[in-house]
Amino acid sequence: MVQRPPSAAVLVLHGGRETGTEPPPPGLLNLPGTRMRPFVRALGRAARTAGTGAGPASASASSAGPALGSSAGPAFATGAGSGVLVRQVRYGHRGWNGDRADPFHDAVAALDALRDEAGDELPVVLLGHSMGARAALRAAGHPLVRGVVGLAPWCPPGDPVTQLADRDVVLVHSNRDRLTSPQASQSLTARARRAGARTCMITVRGGDHAMIRRAPAWHRVTTALVLGLLGSGSLPAPVGAALALPATAEATEGTLDLDLDLGAGAGPGRPPTAVPPRR
């Protein structure tokens, strides 16, 4: 079958530790990486169903680049019509490691590899969890990046936000998270909006940092957000309204409740009112 360049891509960045210079363990032993596999599968299924362009979409999942210590999978999605490439980034080190910000550099390297493979016009959404969300937010200034979806993100108050200008940023956080702060996520959405980003926060009541509690809802809403930001699906209307808020909006104005505002994790097969795909 002839391989065709993807129409869009998703880079998935898993969590890690505050410090740790050793490489992550391989395969399923890398628990933060394993935690993201259901999201990769859900995105692949939804991309095949939703379709982009003239024909049904196909999705290809792979690990990012040999330079990151993993074997590279297929460079392009295959099949009829345009495809969405879903690629997991493997880190060189387990931790953020202070000013080294190792996962940020791994994310940039993966984005550069995508640009080499698919060109300068490939729209990319970064999907990160915890430390991976911090790396995604930091790497969002890369020219390929259209938006960021951060799950239970680690958002220290001093982290920069100017690189988020003209990007869509949606942070999803449990109100019961004990490892990273939902209040810090909410604060970042307001700071980033003032810096020129389009931002929104979604609260998952009764969830947890590992996204095990209410896992199906996490998977559905994440899939809807990622494909909606890529233009490969419909973005939930309340999210679209939050992204359109002015820069002066308060953080609470851009904060949604998963159950009250989005129908308990609306996504493919369970849509709320929606706005057309973003292009």
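Under the 3.5 Å distance criterion, with hydrogens and angles disregarded, no donor-acceptor pair is assigned to the side chains of N97 and H93. Between the side chains of T252 and E250, no donor N or O sits under 3.5 Å from an acceptor N or O.
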Mind running salt bridge (charged side-chain N to carboxylate O under 4.0 Å, His left out) on R191 and D159 for me, showing each step along the way? CA-CA 10 Å; R191 291 197 297 121; D159 273 10; over 6 Å; no

Full working for salt bridge (charged side-chain N to carboxylate O under 4.0 Å, His left out) between R205 and D259: CA-CA 8 Å; R205 287 187 288 167; D259 300 295; 3.8 Å; yes

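A search for salt bridge (Lys or Arg N to Asp or Glu O under 4.0 Å) contacts involving D102 returns R100, not counting sequence neighbours.
Salt-bridge annotation for E117 and R87: present, with a side-chain N of the basic residue lying under 4.0 Å from a carboxylate O of the acidic one.
Remark: R134 qualifies as a cation-pi partner of W96 under the 6.0 Å distance and 45° angle criteria applied to the six-membered ring.
For the side-chain contact (heavy atoms from CB on, under 4.5 Å) criterion with T189, the lone passing option out of E253, R198, M201 is M201. Of the listed residues (V86, L114, L122), just one forms a side-chain contact (heavy atoms from CB on, under 4.5 Å) with P6, and that residue is L122.
Between T203 and L258 the shortest side-chain heavy-atom distance does not fall below 4.5 Å. Counting heavy atoms from C-beta outward, T180 and H173 have side chains that approach closer than 4.5 Å. With contacts defined as side-chain heavy-atom distances shorter than 4.5 Å, the pair H105/Y91 does not qualify.
Going from atom CE of M211 over to atom OG of S174 covers 11.0 Å, rounded to the nearest 0.5 Å. To the nearest 0.5 Å, atoms CG (L126) and CG (L111) are separated by 5.5 Å. Annotation: the span from L179 atom CG to D208 atom CG amounts to 9.0 Å, rounded to 0.5 Å.
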Which donor-acceptor pairs under 3.5 Å do the side chains of residues 36-43 make with protein atoms, sequence neighbours left out?
none

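Cluster annotation: L245 is not connected to V169 through the hydrophobic network of ILVMFWY side chains, with a link wherever side-chain heavy atoms come within less than 4.5 Å.
In this structure, H209 and H129 have tilted ring planes: the angle between them lies in the 30° to 60° band.
Around atom CD of E22, more than 12 heavy atoms belonging to other residues, nucleotides or ligands sit under 6.0 Å away.
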